[in-house]
Amino acid sequence: MKKLIPLAAILMAFSSCVKTGADIPSVEVNFQDATTDPRLSALNVPGGAVLINGYGVAGLILYREADGTYACYDRCSTVNPQKLCAVTLNSGNFVVTDPCSGGEWDLIDGSPVKAPATISLKQYNISVSNFEIYVSN
């Protein structure tokens, strides 16, 4: 029994050092802006996307879906989140790319579409009411 305790401690120490894409830090997000703000004008049409800095871990991506609903994701790549690489919009606004790893994600649901990405982007709650857009977690 005495030999098992040190072995268990060593295994626990090694397993806690493994980094996964799900390790995006949890930070408070509370973004609000008028939908009439010119910086958000791309959201006036389905498929439009906007990058917002200063919120979340590496910024926010606001996306207007084809049915008129909205989605919001953290820009922090899930490939190597400790690097805090902010994903960038591809032309067409339907996919974002991690400039550090080359991984890509679909903006419709945040799911990975190109390796090495295997974990979806971190999603936040988003709502629009009375010409105001709200993002929170």
Side-chain angles (χ1 to χ4, degrees):
M1 181 69 173
K2 289 183 181 180
K3 291 181 181 180
L4 291 179
I5 292 173
L7 179 61
I10 291 170
L11 289 175
M12 286 175 53
F14 280 115
S15 66
S16 66
C17 292
V18 175
K19 293 286 184 188
T20 64
D23 291 337
I24 304 292
S26 182
V27 297
E28 184 176 343
V29 174
N30 193 7
F31 171 80
Q32 177 181 347
D33 202 356
T35 57
T36 56
D37 185 324
R39 296 175 299 164
L40 304 181
S41 63
L43 298 176
N44 291 335
V45 295
V50 176
L51 303 178
I52 304 290
N53 292 321
Y55 294 88
V57 175
L60 303 176
I61 307 162
L62 307 179
Y63 177 70
R64 181 149 183 202
E65 300 182 27
D67 64 2
T69 60
Y70 296 84
C72 180
Y73 307 99
D74 201 295
R75 290 184 63 196
C76 187
S77 170
T78 59
V79 174
N80 293 307
Q82 67 277 13
K83 291 184 178 180
L84 301 177
C85 288
V87 297
T88 58
L89 284 171
N90 290 9
S91 61
N93 292 343
F94 298 108
V95 174
V96 292
T97 300
D98 173 357
C100 300
S101 71
E104 293 184 351
W105 293 262
D106 187 315
L107 284 179
I108 293 172
D109 60 5
S111 64
V113 294
K114 181 181 173 192
T118 59
I119 296 175
S120 295
L121 295 171
K122 183 174 187 162
Q123 190 166 11
Y124 295 111
N125 301 314
I126 185 168
S127 63
V128 177
S129 177
N130 297 323
F131 303 104
E132 291 285 320
I133 193 162
Y134 303 92
V135 177
S136 64
N137 52 350

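Throughout, numbering of the chain's residues begins at 1 and tracks the sequence. Keep in mind that what you see is a predicted model, and the values were worked out from it rather than measured.
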Report summary line: The complete set of disulfide bond (SG atoms under 2.5 Å apart) pairs with one or both residues in residues 102-137, sequence neighbours excluded, reads none
Query raised in the report: Partners of Asn137 by side-chain hydrogen bond (donor to acceptor under 3.5 Å, both in side chains), sequence neighbours excluded?
Result: none
Query - Interatomic distance, Cys72 atom SG to Ile126 atom CD1 [nearest 0.5 angstrom] - result: 5.0 Å
Query raised in the report: Hey, what do you get for CD1 (Ile24) to OG (Ser120), rounding to the nearest 0.5 Å?
Result: 11.0 Å
Query - Residues that Asp67 engages under side-chain hydrogen bond (donor to acceptor under 3.5 Å, both in side chains), provided they are two or more places apart - result: Thr69
Query raised in the report: Can you find a heavy atom in the side chain of Pro112 that is under 4.5 Å from one in the side chain of Ile119?
Result: no
Requested in this report: Tell me, please, which residues at least two apart from Ser41 pass side-chain contact (heavy atoms from CB on, under 4.5 Å).
Outcome: Asn44
Query raised in the report: Which heavy-atom pair separates Pro81 from Cys76 by the least distance, and what is that distance?
Result: O-SG, 3.8 Å
Report task. Among Leu89, Val87, Leu121, find the residue that satisfies the side chain to side chain contact (heavy atoms under 4.5 Å, CB included) test when tested with Arg75. Result -> Val87
Report summary line: Sorted by chain and residue number, the side-chain contact (heavy atoms from CB on, under 4.5 Å) partners of Asn125 (sequence neighbours excluded) come out as Ser136
Query raised in the report: What's the shortest heavy-atom distance between Gly102 and Pro116, and which atoms?
Result: C-CD, 4.3 Å
Query raised in the report: Would you say the side-chain atoms of Ser101 pair up with the backbone N or O of Val79, donor to acceptor, closer than 3.5 Å?
Result: no
Report summary line: Those residues at least two apart in sequence (or on a different chain) that pass side-chain contact (heavy atoms from CB on, under 4.5 Å) with Ala115 are none
Query - Member of Leu51, Ile61, Thr88, Val113 meeting the side chain to side chain contact (heavy atoms under 4.5 Å, CB included) criterion with Val96 - result: Ile61
Report task. Sorted by first residue and then second, give each salt bridge (Lys or Arg N to Asp or Glu O under 4.0 Å) pair with at least one member in residues 123-137; sequence neighbours left out. Result -> none
Query raised in the report: Can you tell if the side chain of Leu107 reaches within under 4.5 Å of the side chain of Glu65, non-hydrogen atoms only?
Result: no
Report summary line: Note: Ala86 and Pro99 closest approach over all heavy atoms is O-CD, 3.3 Å
Query raised in the report: What salt bridge (Lys or Arg N to Asp or Glu O under 4.0 Å) pairs are there with at least one residue in residues 99-118, not counting sequence neighbours?
Result: none
Query raised in the report: Just by distance, do the side chain of Asp74 and the backbone of Lys122 share a donor-acceptor pair under 3.5 Å?
Result: no
**Report entry** Sequence-distant partners of Pro46, side-chain contact (heavy atoms from CB on, under 4.5 Å), two or more places apart
**Finding:** none
Report task. Can you run down the salt bridge (Lys or Arg N to Asp or Glu O under 4.0 Å) pairs that involve residues 27-42, sequence neighbours left out, and say none if there aren't any? Result -> Asp33-Arg39, Asp37-Arg39
**Report entry** Sequence neighbours excluded, every pair satisfying ring pair (Phe, Tyr, Trp, His ring centres under 6.0 Å) that has a member inside residues 37-76
**Finding:** Phe31-Tyr55
Report task. Apply the test side-chain contact (heavy atoms from CB on, under 4.5 Å) to residues Leu40 and Thr35: give CA-CA distance (whole Å), side-chain angles for both, the deciding distance (0.1 Å), then the verdict. Result -> CA-CA 6 Å; Leu40 304 181; Thr35 57; 5.6 Å; no
Query raised in the report: Is the SG-SG separation for the cysteine pair Cys85 and Cys100 below 2.5 Å?
Result: yes
Report task. Can you tell me which residue pairs pass the ring pair (Phe, Tyr, Trp, His ring centres under 6.0 Å) test with a partner in residues 101-137, sequence neighbours excluded? Result -> none
Requested in this report: Start with the C-alpha gap between Val135 and Ile52, add the side-chain angles, then the distance that decides, and say whether side-chain contact (heavy atoms from CB on, under 4.5 Å) holds.
Outcome: CA-CA 11 Å; Val135 177; Ile52 304 290; over 6 Å; no
